[in-house]
There are 2 protein chains.
Amino acid sequence: MAGVNACWHDGDMTAPRRSDATRAAILTAARERFAADGFERATIRAIAADASIDPSLVMRYYGNKEKLFAAAAEFDLRLPDLDGVPPEGWGAAMVAHFLDRWAGDEKLLALLRSGVTHEAAAERMREIFAAQVGPLAARLAPDPASAATRAGLIATQILGFALCRFVLRLPPVVDLDRDAAIAWLGPTVQRYLHDSV
Amino acid sequence: MAGVNACWHDGDMTAPRRSDATRAAILTAARERFAADGFERATIRAIAADASIDPSLVMRYYGNKEKLFAAAAEFDLRLPDLDGVPPEGWGAAMVAHFLDRWAGDEKLLALLRSGVTHEAAAERMREIFAAQVGPLAARLAPDPASAATRAGLIATQILGFALCRFVLRLPPVVDLDRDAAIAWLGPTVQRYLHDSV
DNA sequence: GTTGTTGGCCAACACTTGTTGACAACAGTA
DNA sequence: TACTGTTGTCAACAAGTGTTGGCCAACAAC
């Protein structure tokens with residue numbers, strides 16, 4: 001709370017508001033609810049209750065439920081830089097990265113749970129993979145023409161694993177530890193990314 | 001519609017009722033709605049409208065929405081008998097079978113769309129894979145101890161593919177034709193089913 | 001001080017949901 | 001004929017939804 005009137009005389013900084021803490025609390029609660037329940041079952045009232053504020057404040061600060069979701073699901077996969085990794089390690093590195101990313105950020109789970117029944121969430125998911133996994137595949141694939149297909153195939157395995165482990169909770173998939181998951185999925189992603197069909 | 005009063009003098013047959021056509025129409029409409037919208041967004045009223053009947057009839061014949069879903073999502077994967085297939089063709093045969101199964105029966109899509117937010121649907125999905133994919137893996141896996149894990153891994157790839165192709169509609173995955181899908185996914189399933197880690 | 005603005009709560013709106021019960025049309029049977 | 005059980009229609013309920021507007025206290029600027 002120190003230096004409340006810090007400089008924001010230019011650039012994309014916006015003025016700090018007294019309600020910033022409330023806004024952040026709403027966003028945090030929204031992410032948790034969307035991740036746990038999906039778009040339709042996550043209610044404004046429940047989100048507001050989690051944030052210990054009135055439901056009408058959610059509307060005032062984010063307009064409507066749709067925009068709240070858009071704000072809560074802003075996301076960067078932070079894909080690793082594989083330039084320093086030998087090609088035979090790409091698959092394992094990708095799987096390891098995604099495992100950590102899924103565990104550490106509820107936004108991905110919120111997107112997955114919501115994307116299945118909510119078109120806007122599905123569209124966001126398409127954008128993320130097109131804009132982030134696509135270019136990575138384009139840089140690393142042996143033939144550029146197949147890059148989009150390779151990115152899509154990687155998505156099928158990564159999202160399928162997340163679906164079975166975090167959403168459907170299939171016991172054998174839940175029980176896999178980190179090393180085993182990398183050992184099993186790594187070669188698959190490796191093949192999709194790098195091998196010829 | 002011929003032979004309306006066929007024999008049902010024993011066994012598990014139940015007496016034909018004048019409302020059988022209505023019951024069937026409800027079930028068909030329910031499957032379509034659950035597949036298209038998931039459990040919560042598929043409303044009793046919409047299902048009834050599709051079946052051209054009154055919403056209250058749905059309740060009379062199926063009790064409540066939960067039981068309607070259970071009746072609509074009864075499912076058999078009809079896994080192929082791989083005994084006559086050489087081991088190196090198991091992966092491709094499995095992928096081909098699942099592709100046809102997904103395309104030909106809306107129940108699987110209904111289960112997937114609903115299982116993400118509805119616990120009962122997720123539980124049904126776990127049962128199906130435990131009871132049907134599990135035993136198949138147990139018969140074909142090189143070491144019985146790994147059978148459950150192998151079945152789970154196959155589920156991650158198969159369900160992930162269905163998720164990306166039919167639900168999220170990632171363009172590169174939608175664009176894959178049948179042969180290409182088999183060529184890419186076959187070796188993955190093959191490895192999960194048969195290879196040592 | 002007295003303004004104007006912001007942050008928050010409360011009560012209500014209009015609508016949709018699953019679900020229920022009453023009632024009329026019909027079938028089969030005695 | 002009258003009686004009984006089935007099929008279907010209609011209207012309503014109670015609960016929950018996203019969303020809106022009004023009200024008041026706390027703050028900021030003068």
Side-chain angles (χ1 to χ4, degrees), chain A residues 1-6 8 14-30 33-34 36-73 114 117-121, chain B residues 1 4-6 8 14-30 33-34 36-73 110 113-114 117-121:
Chain A
M1 290 297 178
V4 108
N5 273 4
W8 67 91
T14 54
R17 287 154 302 195
R18 215 157 15 111
S19 57
D20 280 348
T22 302
R23 294 175 132 91
I26 293 173
L27 225 45
T28 300
R33 283 284 171 176
F34 285 134
D37 300 336
F39 184 83
E40 15 267 343
R41 293 198 11 178
T43 68
I44 300 274
R45 282 172 167 84
I47 292 169
D50 288 357
S52 304
I53 48 101
D54 190 88
S56 65
L57 286 187
V58 178
M59 311 306 297
R60 180 181 299 177
Y61 293 142
Y62 292 95
N64 57 30
K65 191 179 179 182
E66 202 76 42
K67 292 178 188 170
L68 172 64
F69 179 82
S114 300
T117 51
H118 193 62
E119 178 53 26
Chain B
M1 291 295 179
V4 109
N5 272 5
W8 66 93
T14 54
R17 288 153 299 195
R18 204 153 29 103
S19 57
D20 279 348
T22 301
R23 295 175 131 92
I26 292 173
L27 226 45
T28 301
R33 283 283 172 179
F34 284 134
D37 300 337
F39 184 82
E40 14 268 342
R41 293 198 11 177
T43 68
I44 300 273
R45 282 172 166 85
I47 293 169
D50 287 358
S52 304
I53 49 100
D54 191 271
S56 65
L57 285 187
V58 178
M59 311 305 297
R60 181 179 300 174
Y61 293 140
Y62 292 96
N64 57 30
K65 191 179 178 182
E66 203 76 43
K67 292 178 188 168
L68 172 63
F69 179 82
R113 266 225 164 80
S114 300
T117 50
H118 193 62
E119 179 53 25

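Chain naming here is simple, since letters A, B, ... match the order of the sequence lines and numbering starts at 1 in each.
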Seminar exercise, completed: A:I26 atom CD1 is separated from D:dG18 atom P, nearest whole Å, by 14 Å
For this session: Measure from CD1 on B:I44 to P on D:dC13 and round the result to the nearest Å.
Result: 21 Å
For this session: Could you check how far CE of B:M59 sits from P of D:dT7, rounded to whole Å?
Result: 17 Å
Seminar exercise, completed: Rounded to whole Å, CG of A:L57 lies from P of C:dC9 at a distance of 6 Å
Seminar exercise, completed: In short, B:A110 meets B:F69 closest at the heavy-atom pair O-CE1, 4.4 Å
Exercise. Ignoring hydrogens and geometry, is there a side-chain-to-backbone donor-acceptor pair from A:S19 to A:T22 under 3.5 Å?
Worked result: no
Exercise. Between A:E40 (CD) and D:dG16 (P), how many Å, whole number?
Worked result: 18 Å
For this session: Mind listing the residues from residues 64-73 of chain A sitting with a heavy atom below 4.0 Å of DNA chain D? Number order is fine.
Result: A:N64, A:K65
Seminar exercise, completed: When B:R45 and B:D20 are each assigned the nearest nucleotide of DNA chain D, the 5'-most assignment goes to B:D20
Exercise. Within the structure, does a side-chain N or O atom of A:S56 lie under 4.0 Å from either OP1 or OP2 of C:dC9?
Worked result: no
Problem set entry | B:D37 CG - C:dT17 C1' separation (whole Å) | 15 Å
Exercise. Nearest heavy-atom pair of A:Y62 and A:R23: which atoms, and what distance?
Worked result: OH-O, 3.1 Å
Exercise. Considering only heavy atoms from C-beta outward, does the side chain of B:D50 approach that of B:I26 to under 4.5 Å?
Worked result: no
For this session: Could you check whether A:Y61 gets within reach of a base, just the sugar-phosphate, or nothing at all, counting any heavy atom under 4.0 Å?
Result: sugar-phosphate
Exercise. How is A:A46 classified with respect to the nucleic acid when contacts are heavy atoms under 4.0 Å: base, sugar-phosphate, or nothing?
Worked result: nothing
Problem set entry | Sugar-phosphate, base or nothing in reach of B:T22, heavy atoms under 4.0 Å | sugar-phosphate
Exercise. Looking at C:dT6, C:dC9, C:dA22, which one has an atom nearest to any side-chain atom of A:R18?
Worked result: C:dT6
Problem set entry | Donor-acceptor side-chain pairing of B:E40 and B:T117 below 3.5 angstrom | yes
Exercise. With respect to the side chain of B:D54, which nucleotide from D:dT20, D:dC10, C:dG7 is positioned closest?
Worked result: D:dC10
Exercise. Looking only at atom types and distance, does a side-chain atom of A:K67 sit under 3.5 Å from a main-chain N or O of A:M59, one as donor and one as acceptor?
Worked result: no
Problem set entry | Euclidean distance, atom CZ of residue A:R17 to atom P of D:dC27 [Å, nearest integer] | 19 Å
For this session: Take B:H118 and B:E66 through the side chain to side chain contact (heavy atoms under 4.5 Å, CB included) test and state the conclusion after the steps.
Result: CA-CA 10 Å; B:H118 193 62; B:E66 203 76 43; 2.6 Å; yes
Exercise. Atom CZ of A:R60 to atom P of D:dG21: distance rounded to whole Å?
Worked result: 12 Å
For this session: Return the nearest nucleotide to the side chain of B:T43; candidates are C:dC10, C:dG18, C:dG7.
Result: C:dG18
